[in-house]
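Quick note: residue numbers are just sequence positions, from 1. All of these numbers come straight from a predicted model, not from anything done at the bench.
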Amino acid sequence: MNHQVRHVKFSGRIIMVGFGCVGQASLPLILRHIDLEAHQVTIVTADERGHDEASQFGIAFHCLALTRDNFRQTLE
C-alpha cells in the first residue's frame, strides 16, 4: 500500500527563503502532501547547500543573498 494522500489543492506559489536542514527536510513532505507542481515552488538561498536536492524534484533554485536593496525585486 504505497499511495500518497494529497490533503489540499494549492494553486499559489511557494517561495522558500533559505534552504538549510529544515527546508531540505520539509520539501519532500510539502510535495508529498500538497497537490502542487514543482514549477510552483522556488528556493532562494545565499549558498549552494541543497541545490542537488532541489534539482531532484525539479524545483527552481536561486543562489542569491536577499538584502534590503534587492529583496522586493528578487521576490517578485
Side-chain angles (χ1 to χ4, degrees):
M1 184 177 284
N2 188 15
H3 66 284
Q4 296 179 357
V5 176
R6 301 286 173 104
H7 297 283
V8 65
K9 173 75 175 158
F10 185 74
S11 60
R13 296 191 43 83
I14 295 175
I15 298 177
M16 297 181 78
V17 178
F19 199 56
C21 298
V22 173
Q24 290 177 43
S26 299
L27 181 61
L29 297 173
I30 290 168
L31 296 174
R32 181 179 309 140
H33 295 293
I34 299 175
D35 188 9
L36 56 81
E37 301 293 325
H39 67 84
Q40 292 174 259
V41 181
T42 301
I43 297 167
V44 179
T45 185
D47 61 47
E48 288 290 329
R49 279 183 304 165
H51 183 265
D52 293 339
E53 289 77 6
S55 294
Q56 286 180 314
F57 294 105
I59 303 296
F61 186 94
H62 301 282
C63 187
L64 174 68
L66 292 179
T67 65
R68 184 178 285 197
D69 296 328
N70 75 1
F71 81 94
R72 286 185 197 272
Q73 179 182 0
T74 300
L75 297 179
E76 287 177 355

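Each salt bridge (charged side-chain N to carboxylate O under 4.0 Å, His left out) pair with one or both residues in residues 37-61, not counting sequence neighbours, appears once here: Asp47-Arg49. Counting only residues at least two apart or on different chains, the side chain to side chain donor-acceptor pair (under 3.5 Å) pairs with a member in residues 59-74 are Thr67-Asn70. Within the structure, ring-ring contact (aromatic ring centres under 6.0 Å, His included) pairs that include any residue of residues 13-32 do not occur (at least two apart or interchain).
Cluster membership for Phe61 and Phe57, using ILVMFWY side-chain heavy atoms within less than 4.5 angstrom, is shared. By the criterion of side-chain heavy atoms lying less than 4.5 angstrom apart, applied directly or through intervening Ile, Leu, Val, Met, Phe, Trp or Tyr residues, Ile14 is grouped together with Val8 in one hydrophobic cluster.
Leu66 forms part of a hydrophobic cluster together with Ile15, Val17, Val44, Phe71, Leu75, judged by ILVMFWY side-chain heavy-atom separations under 4.5 Å.
Annotation for Lys9 and Asp35: closest pair CD-OD2, 3.3 Å, computed over non-hydrogen atoms. Residue Leu27 comes nearest to Met16 through the heavy atom pair CD1-SD, 4.2 Å, listed as atom of the first residue, atom of the second, then distance. The heavy-atom pair separating Gly58 from Ala38 by the smallest distance is O-CB, 3.6 Å.
The side-chain hydrogen bond (donor to acceptor under 3.5 Å, both in side chains) search around Arg13 returns Thr42, not counting sequence neighbours. Residues that satisfy the ring-ring contact (aromatic ring centres under 6.0 Å, His included) test with His39, not counting sequence neighbours, are absent from this structure.
Separating the CD atom in Gln56 from the CG atom in Leu31 is a distance of 11.5 Å, to the nearest 0.5 Å. Separation of atoms CD1 (Ile43) and NE2 (His51) is listed at 9.0 Å; rounding is to 0.5 Å.
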